Each structure stands twice: as C-alpha cells, then as structure tokens.
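Just so it is clear, the structure is predicted and the values come from calculations on it, not from any experiment. Letters A, B, ... are given to chains in the order of the sequence lines, protein chains preceding strands, and every chain is numbered from 1.
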Protein chains: 2
Amino acid sequence: MDETQFDWDDLRLFMAVAKHGGLAGASEESGKSAPTLGRRMLILERHLNQTLFERKNTGYDLTEQGQALMQKAMSVNNIVAPITTSAPYTEHKRVKVSAGCWTTVWLCRSLNSIAMDQPITYQFIAADEELDIPHREAVIGVRNKRVTHPSLASRRVGHVEFAVYASNAEVQPWVHVLGTTPSALWVAEHASDNAKVEVSHPRSALDLAVSGVAKAVLPRFIGDNEPGLIQVGESIPALQHDRWLVCHHDDRHLPEVRQALTFIGDALLADTTVS
Amino acid sequence: MDETQFDWDDLRLFMAVAKHGGLAGASEESGKSAPTLGRRMLILERHLNQTLFERKNTGYDLTEQGQALMQKAMSVNNIVAPITTSAPYTEHKRVKVSAGCWTTVWLCRSLNSIAMDQPITYQFIAADEELDIPHREAVIGVRNKRVTHPSLASRRVGHVEFAVYASNAEVQPWVHVLGTTPSALWVAEHASDNAKVEVSHPRSALDLAVSGVAKAVLPRFIGDNEPGLIQVGESIPALQHDRWLVCHHDDRHLPEVRQALTFIGDALLADTTVS
DNA sequence: AATATCCGTTTCATGGATGAAACACAGTTT
DNA sequence: AAACTGTGTTTCATCCATGAAACGGATATT
C-alpha cells in the first residue's frame with residue numbers, strides 16, 4: 001500500500017469529473033478548481049495504479065477501469081448523499097448555549113421572530129455546573145464570573161441582582177432549592193427553622209411563590225417580571241454578580257456563533273432591572 | 001447546505017476515531033495526527049449539525065447519532081476498502097514508456113532480474129507517433145530529437161545508426177515498412193522498382209530478412225545482434241540520430257519514475273553499436 | 001500521597017495544496 | 001480562412017491545513 005492513506009474525497013472528485021466528462025464541468029459540483037481536480041485525478045490514478053481517464057483537450061473520457069470505478073463511487077455516493085441531505089435543518093447550525101436556569105428562561109423568552117429567522121438552532125442547556133467549552137459540551141456559556149482561560153474569550157453583559165419574592169408580605173415559609181448555587185446556599189443559611197419547602201427545580205420555586213405557599217429567592221429579572229409577585233425587602237448584596245458571555249476563541253468567528261453571541265448579548269443587556 | 005462541500009474523507013477519519021475510541025488510537029490507521037483529527041471531527045459535526053462524540057480526557061465516546069453514522073461509514077468502507085486493496089500490484093507502480101518499436105524491443109530484452117525486482121510495472125507502448133506526455137498518454141518517452149517544451153525534461157542517452165541487413169549479400173528485394181518513420185520514408189525513396197515486400201509491422205521486416213526473402217533497413221542495435229543477418233554496406237548517415245529520454249518535470253521526482261529513468265537510461269547506454 | 005502515564009487541546013511555524021491568471025490546443029462559428 | 005469558444009495544462013503567489021511541541025486534566029501505578 002502506498003505510504004499515504006487513500007483519500008476518500010478523491011472518489012467524490014472522481015465521480016464529479018466522470019459524471020461531467022471533464023474538469024471544467026465538475027468544478028462547481030465538486031467545489032474544486034479545474035487545476036486542482038486535474039492534480040487529484042493524477043494522484044488517484046497513481047494511488048490505484050490504474051488509468052481511469054483518456055485525457056483530451058475537449059474533456060476527460062472514462063476508460064474501462066474508470067467505468068468500473070465509477071460504479072463503485074456511485075455506490076458510495078448512495079450512502080453518503082443521504083447523510084448530508086438528511087442532516088436535520090441542514091441550513092441551520094446548532095449552537096449550544098450553557099446558562100443557569102433563570103438565564104435560560106430569560107433567553108427563551110427573548111427569542112423573537114428576528115432571532116428565529118436566523119439559520120440557527122439554539123440548544124439551551126440549563127445547568128448550574130459549568131459545561132466544558134474546550135471539550136465542546138457547549139459553544140457559548142453565560143457565567144457569573146469572568147474566565148481567564150487563555151483559549152476562551154469573554155465579555156461582560158450586565159449585572160444580576162437577587163431578592164426575596166412572595167405573593168404578599170406576610171408569607172413566612174421559604175422555598176429552598178436543593179443544590180450548590182450561591183442562592184441555594186444563601187437560603188440554606190438564612191432560612192430559619194420555620195416551615196420550609198424543599199424543591200429540586202428552581203422553576204418549582206417560582207410556582208410555589210406565585211401560589212402563595214412560600215417565599216423564594218429569585219433573580220430580579222425574573223421576580224420583577226412576574227405579575228403575581230412582589231419584592232419583599234431589599235435586594236441581596238451577597239448574591240449580586242456580573243454576567244459574562246464566554247466563548248471559545250476558535251469558534252467565535254463562525255457565522256452562526258457570531259450571530260448567537262450578538263443575540264444573547266443584546267437579550268441579556270435588555271434586562272433593565274439594574275442600571 | 002453549507003457552502004463548502006462535504007469532504008468524504010471526514011467519514012474515513014470519523015470511522016477511525018470511532019473504532020479506536022479516540023484521537024490517539026486513530027492516528028496511525030488514519031494517517032492523521034491527533035490535533036488534525038480533533039479539528040476534522042469538529043468540522044464534521046458542524047457540517048452535519050450533529051453531536052457525534054462525547055469528549056473526555058480519556059478518549060472520544062460515540063453518541064447515538066455517532067453510532068448511527070458509524071454504521072454508514074462502515075458501509076462506505078465496505079465499498080472503498082476493496083478498491084484500494086484489489087488494485088493490481090498494489091505495491092507496484094505502473095510506468096508508461098513510449099518508444100519506437102525497436103527501442104521497445106531493446107528495452108524488453110534489457111529487462112533483467114534487477115529491474116523486475118523493482119516495484120514497477122513497466123508498460124511499454126511501442127508507437128511511432130509521439131505520445132502526449134502533458135496529457136499523460138505516457139510518463140517517459142524515448143525520442144529521436146530533443147524536446148524544448150518547458151514542462152518536459154530531457155537528457156541524451158546515446159546515438160542510433162541504421163543499416164541494411166540481409167541473410168546474405170545477394171538478396172535484392174526490399175522490405176518496405178509502411179508508415180512515416182524516417183527509415184520507412186528512406187526505403188520508399190531508395191528502393192528501386194525491383195520486387196519488394198510491404199509490411200505494416202517493423203517486426204515483420206526482421207522476420208523477412210532472417211528468412212532470406214528480402215533485405216531490410218534496421219537500427220544497428222537490432223541488426224548487429226541478430227545471428228542470421230549480416231550488414232550490407234555502410235550505415236546510413238541520413239537516418240542516424242541521437243536518442244533522448246523525455247519526462248514531465250512534475251513526474252520525474254516520483255520514486256518509481258526516477259527508478260525507471262535510471263533503468264532505461266542505463267539500458268539504452270549499454271547499446272555498444274556506436275561509440 | 002506522590003509520581004507516572006495516557007489522551008485531548010492549544011500554540012504556532014511551515015510546507016504544500018490551492019486557485020487565479022495565462023497559455024496551449026482543438027473544435028466550432030462566422 | 002479567420003476569429004471565437006471551451007477545455008486542459010502550466011506557472012506561481014498565497015494561505016491554510018497540518019503536525020511538533022507543549023500544556024492540561026484525569027486515571028493508573030507505586
């Protein structure tokens with residue numbers, strides 16, 4: 001075997017040249033220029049030790065060996081073509097966005113027709129733990145602190161405050177959201193031994209607060225925008241933080257990533273609960 | 001569809017990564033380094049808009065989508081693998097050599113065990129008209145004059161003389177080889193209206209001369225080495241010429257072409273009929 | 001607990017694959 | 001016959017895909 005590996009893409013290019021009877025006609029379908037196709041056909045012939053074409057000034061004619069190879073190339077194409085055409089939303093690019101639960105709620109609510117008209121499929125991954133961007137668990141992250149990883153880029157997109165919310169000022173029991181988020185830890189520390197409700201999902205905290213059963217610690221961009229709730233007391237200084245939009249250096253020049261960063265940045269900066 | 005074409009070789013690389021469970025293990029089989037494989041897998045995932053792997057520090061695990069793709073990649077491999085392994089003499093490279101009829105005879109006789117031990121399949125194309133090296137009708141040509149085409153390289157490999165040969169000095173009829181070679185034209189011009197025999201193949205001229213039926217014009221490296229023939233008269237000055245080994249600039253660095261040039265040059269220079 | 005090992009990711013210099021432009025050749029059109 | 005057109009080949013500047021080296025993280029070994 002030749003010391004270099006057989007490049008399967010040579011088969012794709014071969015098929016285009018054979019189908020169009022020449023280099024010029026194959027150029028558009030294959031995405032390669034005529035000089036490149038010419039060179040790649042020479043490489044293919046040498047690799048297979050076969051003469052695949054009879055070259056003329058008017059085009060490339062297949063030899064018998066070339067015709068035999070063409071059958072095989074078309075068989076390969078019958079497998080490969082559906083892979084590329086059946087890929088979901090082929091004109092859409094998936095962008096994975098990792099953010100805290102409430103930020104994800106905000107972003108979902110912020111999706112509008114302009115954002116939905118972009119050729120982007122947003123995949124929001126609501127998670128409290130940070131997803132691993134170098135390992136591509138997400139492409140974009142909304143973090144509560146700046147990252148200093150040299151391969152990640154970040155920019156500040158606003159500030160977040162938390163406060164206690166309830167349906168009325170007399171509600172006493174707390175909602176304690178399980179977990180290790182700063183707000184969860186804060187409630188665990190400050191909630192008295194009074195009756196409290198424990199929930200595993202932050203969304204349940206909101207439900208309980210609205211129903212009047214208990215009071216919950218919520219970010220103000222959620223609490224302030226929930227009609228059935230009022231803010232009880234001042235915002236909680238210990239829980240306030242900046243918000244950072246984080247992305248891998250390599251990915252941020254990709255068109256769909258650039259567009260997503262713009263949309264997310266704008267959406268987060270539209271939060272008017274803080275100046 | 002993404003503006004760039006789908007590179008089928010990404011499927012080959014994907015299959016290797018999936019099979020070995022990671023980049024490092026796939027490196028040797030695929031012929032690509034781990035960083036390159038990593039990048040190509042990202043490109044593939046982006047192109048297909050799918051998540052094919054779960055990336056860990058200990059390797060790449062396939063997702064369900066990745067497993068589905070692996071089945072298809074293996075189907076493609078079932079078609080492609082026989083193409084590359086059943087290519088004839090896969091460790092041999094075919095080298096097409098275009099030369100005149102008699103030069104081809106000389107070269108065939110010169111093949112020895114050393115030349116046959118080379119990983120080269122010689123394809124001698126005996127032709128009087130020059131084959132088109134830019135269009136790869138041949139890789140190496142033996143010509144009777146120097147070429148000045150800028151993309152072709154040439155070097156002189158000896159001198160050729162022609163003479164009349166017969167089984168004895170009394171043979172009168174000529175053998176006239178049809179065609180437009182200098183020797184054919186010479187015979188047409190000088191042969192008297194005496195009885196003559198016309199043949200289409202130069203080898204037939206040799207046969208007729210040996211059988212004593214007629215006399216033939218042959219190159220001395222053939223005539224002098226045929227036991228049943230004697231040279232009649234002096235060599236023919238009008239037909240003598242240098243011999244040139246011609247090759248495409250691009251091809252001559254290829255290992256098998258370099259070896260073939262060496263063998264052919266040595267074989268032609270071993271012709272001792274001229275100093 | 002400390003060290004070694006393996007694998008993936010990051011950085012960056014480099015070589016080679018690429019394509020634009022020009023040229024050559026043959027066929028077509030006027 | 002002359003001009004035009006289409007296609008392949010050649011030339012060469014450019015840029016990008018690549019891999020070596022280094023680094024980071026997790027697991028295995030001692």
Side-chain angles (χ1 to χ4, degrees), chain A residues 4-5 7 9-10 13 16-18 20-28 30-46 52-61 130-139 147-153 247-253, chain B residues 4-5 7 9-10 13 16-18 20-28 30-47 52-61 130-139 147-153 247-254:
Chain A
T4 60
Q5 298 289 342
D7 186 333
D9 213 43
D10 285 341
L13 304 180
V17 173
H20 292 272
L23 307 174
S27 182
E28 183 174 351
S30 67
K32 298 287 185 187
S33 68
T36 296
L37 288 172
R39 283 190 296 265
R40 295 288 288 269
M41 293 307 97
L42 285 171
I43 290 171
L44 178 63
E45 281 179 319
R46 178 167 179 264
L52 302 170
F53 297 106
E54 183 182 345
R55 291 164 172 80
K56 297 171 175 172
N57 283 339
T58 50
Y60 276 37
D61 292 338
E130 295 176 3
L131 292 190
D132 188 336
I133 294 182
H135 281 87
R136 268 65 185 193
E137 288 182 336
V139 172
V147 298
T148 54
H149 194 292
S151 71
L152 300 180
C247 179
H248 200 289
H249 271 303
D250 282 352
D251 297 332
R252 63 186 184 138
H253 71 280
Chain B
T4 60
Q5 298 290 341
D7 187 332
D9 212 43
D10 285 342
L13 303 181
V17 173
H20 292 272
L23 306 175
S27 182
E28 182 175 351
S30 66
K32 299 289 185 185
S33 69
T36 296
L37 289 171
R39 282 188 297 265
R40 296 287 289 268
M41 293 308 95
L42 284 171
I43 290 170
L44 179 62
E45 280 180 319
R46 179 167 178 263
H47 200 101
L52 303 170
F53 298 105
E54 183 183 346
R55 289 163 173 82
K56 298 171 174 171
N57 283 338
T58 50
Y60 275 36
D61 292 338
E130 294 176 3
L131 291 188
D132 190 334
I133 293 184
H135 281 86
R136 265 69 183 190
E137 289 182 334
V139 172
V147 299
T148 53
H149 195 292
S151 71
L152 300 180
C247 180
H248 201 289
H249 270 302
D250 283 351
D251 296 333
R252 64 190 185 133
H253 72 281
L254 297 173

OP1 or OP2 of [N] versus the side-chain N and O atoms of [X]: is any pair under 4.0 Å?
{"X": "Arg40(A)", "N": "dT18(C)", "value": "yes"}
{"X": "Tyr60(B)", "N": "dT9(C)", "value": "yes"}
{"X": "Lys32(A)", "N": "dT18(C)", "value": "yes"}
{"X": "Ser151(A)", "N": "dT10(C)", "value": "yes"}

Subject >> Closest non-hydrogen atom pair, His249(A) against Ala153(A) >> reply: CE1-CB, 3.7 Å
Original post:
What heavy-atom pair brings Phe53(B) and Met41(B) nearest, and what distance separates the two atoms?
Top reply: CE1-SD, 3.6 Å
Original post:
From Asp9(B) CG over to Asp7(A) CG, what is the distance, rounded to the nearest 0.5 angstrom?
Top reply: 3.5 Å
From the options [options], select the nucleotide whose nearest atom is closest to the side chain of [X].
{"X": "Thr36(A)", "options": "dG19(C), dG25(D), dC7(C)", "value": "dG19(C)"}
{"X": "Asn57(A)", "options": "dT27(D), dC25(C), dG19(C)", "value": "dC25(C)"}
{"X": "Pro134(B)", "options": "dT9(D), dG19(D), dT18(C)", "value": "dT9(D)"}
{"X": "Ala24(A)", "options": "dG8(D), dA21(D), dA21(C)", "value": "dG8(D)"}
{"X": "Arg39(B)", "options": "dT9(C), dT11(C), dG8(D)", "value": "dT11(C)"}
{"X": "Arg136(B)", "options": "dG19(D), dT10(D), dT18(C)", "value": "dT10(D)"}
{"X": "Leu23(A)", "options": "dG8(D), dT9(C), dA21(C)", "value": "dG8(D)"}
{"X": "His248(B)", "options": "dT10(D), dT7(D), dA21(D)", "value": "dT10(D)"}

Original post:
Side chain of Arg40(B), backbone of Gly38(B): donor and acceptor closer than 3.5 Å?
Top reply: no
Original post:
Counting only N and O atoms by type, is there a donor-acceptor contact under 3.5 Å from the side chain of His248(A) to the main-chain atoms of Asp250(A)?
Top reply: yes
[atom1] of [X] versus [atom2] of [N]: gap in Å, rounded?
{"X": "Glu137(A)", "N": "dG8(C)", "atom1": "CD", "atom2": "P", "result": "15 Å"}
{"X": "Asp132(B)", "N": "dC25(C)", "atom1": "CG", "atom2": "P", "result": "9 Å"}
{"X": "Met41(A)", "N": "dT9(D)", "atom1": "CE", "atom2": "P", "result": "12 Å"}
{"X": "Leu13(B)", "N": "dG19(D)", "atom1": "CG", "atom2": "C1'", "result": "14 Å"}
{"X": "Lys56(B)", "N": "dT9(C)", "atom1": "NZ", "atom2": "P", "result": "13 Å"}
{"X": "Arg55(B)", "N": "dC7(C)", "atom1": "CZ", "atom2": "C1'", "result": "14 Å"}
{"X": "Leu152(B)", "N": "dT10(D)", "atom1": "CG", "atom2": "P", "result": "8 Å"}
{"X": "Phe53(B)", "N": "dG8(C)", "atom1": "CZ", "atom2": "P", "result": "10 Å"}

Original post:
Just checking His249(A): base, sugar-phosphate only, or nothing, at a heavy-atom cut-off of under 4.0 Å?
Top reply: nothing
**OP:** Select base, sugar-phosphate, or nothing to describe what Gly38(A) touches, counting heavy atoms under 4.0 Å on all strands.
**Re:** nothing
**OP:** Mind running salt bridge (charged side-chain N to carboxylate O under 4.0 Å, His left out) on Asp251(B) and Arg136(B) for me, showing each step along the way?
**Re:** CA-CA 10 Å; Asp251(B) 296 333; Arg136(B) 265 69 183 190; 3.3 Å; yes
Subject >> Residue closer to the 5' end of DNA chain D, Thr58(B) versus His135(B) (nearest nucleotide) >> reply: His135(B)
